[in-house]
Structure formats: structure tokens, C-alpha cells
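Right, one structure below, let's go through it.
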Amino acid sequence: MRIILLGAPGAGKGTQAQFLMGKYGIPQISTGDMLRAAIKAGTELGLKAKQVMDEGKLVSDDIIIGLVKERIAMDDCKDGFLLDGFPRTIPQADAMKEAGVKVDHCIEFDVADDVIVERMGGRRVHPASGRVYHVVYNPPKVEGKDDATGEDLIVREDDKEETVRKRLAIYHEQTKPLVNYYSAEADAGNCEYHKLDGNRPVDVVSAELEERLS
Ligand code: ADP
Ligand code: ADP
Ligand code: ADP
């Protein structure tokens with residue numbers, strides 16, 4: 001199963017990706033996680049990406065498209081994958097289409113901007129695994145520690161309110177057009193499009209996802 005998760009920063013893509021990975025055994029391809037891994041490793045890409053990400057802007061299409069193509073070509077993606085945070089622009093979607101990458105489901109998480117800002121303030125992440133928590137809505141078993149490894153959780157550099165608002169504006173401007181893009185793909189019979197109300201609790205959203213994909 002090849003799935004695209006579409007939605008604003010904080011809409012719950014990463015959280016539901018963890019659920020779907022467990023359920024379908026397909027890998028999560030999170031371009032945000034890949035970029036953060038590159039920053040941590042101090043690669044040339046990481047050095048280039050860091051400032052752009054901290055400012056809440058998008059990394060260039062060329063870089064991202066190259067990264068994703070390389071990742072999708074890997075062996076573990078042959079039976080499917082979950083794209084989380086990609087595509088984020090029309091050129092990125094076009095590049096996938098031109099590369100012949102087919103998509104079965106595009107899932108849109110619709111969440112109000114005010115809810116997003118509140119969620120990002122409480123987001124805590126385990127960088128090594130991509131697992132996501134929230135101090136109130138999805139707390140870890142032990143405060144500040146990842147459930148599976150016990151390692152420290154961190155606050156992302158770009159989750160401060162001012163940067164979140166900037167990222168939301170960029171989402172509406174550059175990523176929201178993909179809603180029409182993939183709706184049109186669905187109308188043409190190329191994929192299925194699912195719009196979900198992402199304002200509801202995590203397990204309610206997961207249950208609906210499961211139903212839509214079955
Ligand atoms: P969130 O989970 O909050 O939506 P991500 O982890 O997906 O955020 O992305 C964090 C940052 O990484 C983005 O603000 C952007 O700078 C960069 N990034 C991630 N994916 C892409 C992409 N597909 N195109 C351009 N930039 C990206
Ligand atoms: P290794 O093969 O050394 O164990 P990993 O399996 O951690 O390395 O990562 C393999 C590649 O996938 C790396 O390029 C890494 O940047 C990337 N990667 C790590 N986490 C994610 C993720 N959540 N989504 C997509 N790519 C990831
Ligand atoms: P995205 O990957 O779209 O940026 P995340 O999955 O990282 O979003 O979720 C952002 C924050 O909101 C995290 O702290 C997460 O625990 C929390 N969260 C995710 N889904 C929900 C939900 N349905 N209800 C409440 N909080 C949620």
C-alpha cells in the first residue's frame with residue numbers, strides 16, 4: 001500500500017504514520033525526520049537545511065526530490081510506503097508522477113489552525129525513531145522519556161509559536177494546493193482520496209483511518 005499523508009504541520013501525520021506502520025508493516029518516509037537526521041550527522045545537506053528549517057521555510061524542491069527518490073528505491077519500499085511530509089509543493093508532486101511513483105491513497109488531515117498551535121506547544125519527539133508525544137494529549141509513560149527506549153524526548157527547534165505560525169502560512173500557500181491536486185488524481189481514477197477530521201482524539205482518527213483503508 002502506497003500512502004500519502006497530507007496536512008498542516010501538527011495535523012497528526014507522524015502520529016498516524018506510527019499507527020499505520022504498525023498495522024501494515026510499511027515504512028514511514030518522513031522527509032522532516034530525514035532532514036533532522038542529516039543535521040544531526042553534520043552532512044553537507046544538513047548544514048544547508050538547518051537554517052531554512054529553523055526559520056520555518058521549505059527546503060528546496062531539488063534537494064527533497066532527490067532524497068525521496070533515493071529512499072523509495074530502497075528494498076523495504078517495494079511493497080509500499082507512507083509518505084509523511086512529502087510532497088509539500090506542486091513541483092514535488094509532479095516529480096513523483098513523472099518518476100512513475102504510483103499512489104494508492106492520499107489522506108488529508110483537516111485541523112483548525114488554533115488547534116495546531118496548541119498541539120505544537122506540547123509536542124515532544126524521540127528523534128531516533130520519529131515517535132511523537134504530546135504533554136497532555138499523548139503523554140509518554142515516564143515524563144520526558146521515550147516509551148520504548150527510555151531515551152530523552154526533545155522539543156523541536158521549529159516548534160516555537162512564532163515559527164509555527166510562519167509554517168502554517170507556508171502550508172496554506174504552498175502545500176494546500178495539493179488538496180486539489182490529489183482530489184483531481186482521485187477523480188481521474190489514479191488514487192483514492194480521504195479527507196478526515198483531524199481535530200478529534202488520536203484513537204478516533206486512527207479508527208476512521210483503519211476503516212477507510214480496509
Ligand atoms: P511537521 O511534522 O511539523 O509537518 P516536518 O518534520 O515534516 O514538520 O518538516 C520540518 C521542516 O522540514 C519543514 O518546515 C521544512 O523546512 C522541512 N521539510 C520537510 N519536508 C519537506 C518537503 N517535502 N519539502 C520542503 N521542506 C521540507
Ligand atoms: P541504518 O541503515 O544505518 O540503520 P537508518 O535505518 O536509521 O540507518 O536510516 C536509513 C536512512 O533512512 C538514513 O538515510 C536516514 O536518514 C533515513 N531515515 C531515518 N529515519 C527516517 C524516517 N523516519 N523516515 C525516513 N527516512 C528516515
Ligand atoms: P505532524 O506530523 O502532522 O506534524 P504530529 O503527529 O507530530 O503532527 O502531531 C503534532 C502534535 O500533536 C504531537 O504532539 C502529537 O502528539 C499531537 N497530536 C497528534 N494527533 C493528535 C490528536 N488527534 N489529538 C491531539 N493531539 C494530537
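Just follow the structure's listing: the first ligand is 1, and inside any ligand the first atom is 1.
- Atom NZ of K97 is separated from atom NZ of K102 by 10.0 Å, given to the nearest 0.5 angstrom.
- The residues lining ligand 3, counting any heavy atom closer than 4.0 Å, are A8, P9, G10, A11, G12, K13, G14, T15, R119, R123, V132, Y133, H134, Y137, N138, R200, P201, V202.
- Partners of S206 by side chain to side chain donor-acceptor pair (under 3.5 Å), not counting sequence neighbours, listed by chain and number: Q16.
- Interface atoms of ligand 1 facing Q92, defined by a heavy-atom separation under 4.0 Å, are 22 (C), 23 (N), 24 (N), 25 (C).
- D146 and R124 are not joined by a salt bridge, as no carboxylate oxygen comes within less than 4.0 angstrom of a charged side-chain nitrogen.
- The ligand atoms of ligand 1 that sit less than 4.0 angstrom from a heavy atom of R36 are 6 (O), 10 (C).
- Of the inter-residue distances, the one linking F86 atom CZ with R71 atom CZ reads 13.0 Å to the nearest 0.5 angstrom.
- The hydrophobic cluster analysis finds V155 isolated: no Ile, Leu, Val, Met, Phe, Trp or Tyr side chain comes under 4.5 Å of it, directly or through other members.
- Under a 4.0 Å criterion applied to the non-hydrogen atoms of T31, ligand 1 contributes the atoms 19 (C), 20 (N), 21 (C), 23 (N).
- In this structure, CD1 on I116 lies 11.0 Å from CZ on R165, to the nearest 0.5 angstrom.
- Considering all non-hydrogen atoms of both residues, I4 and P87 come closest at CD1-CD, 3.9 Å.
- The atoms of ligand 1 that sit less than 4.0 Å from any heavy atom of K57 are 14 (O), 15 (C), 16 (O).
- By the 4.5 Å side-chain criterion applied to Ile, Leu, Val, Met, Phe, Trp and Tyr, M1 is assigned to a cluster that also includes I3, L5, F19, L20, M21, Y24, I26, L82, I107, F109, L196, V205, L209, L213.
- Residue-to-ligand polar distances place V59 within reach of ligand 1: an N/O pair is separated by less than 3.5 Å.
- The proximity of L58 to ligand 1, defined as any non-hydrogen pair under 4.0 Å, involves the side chain as well as the backbone.
- Side chain to side chain, Y193 and E108 meet the donor-acceptor criterion of an N or O pair below 3.5 Å.
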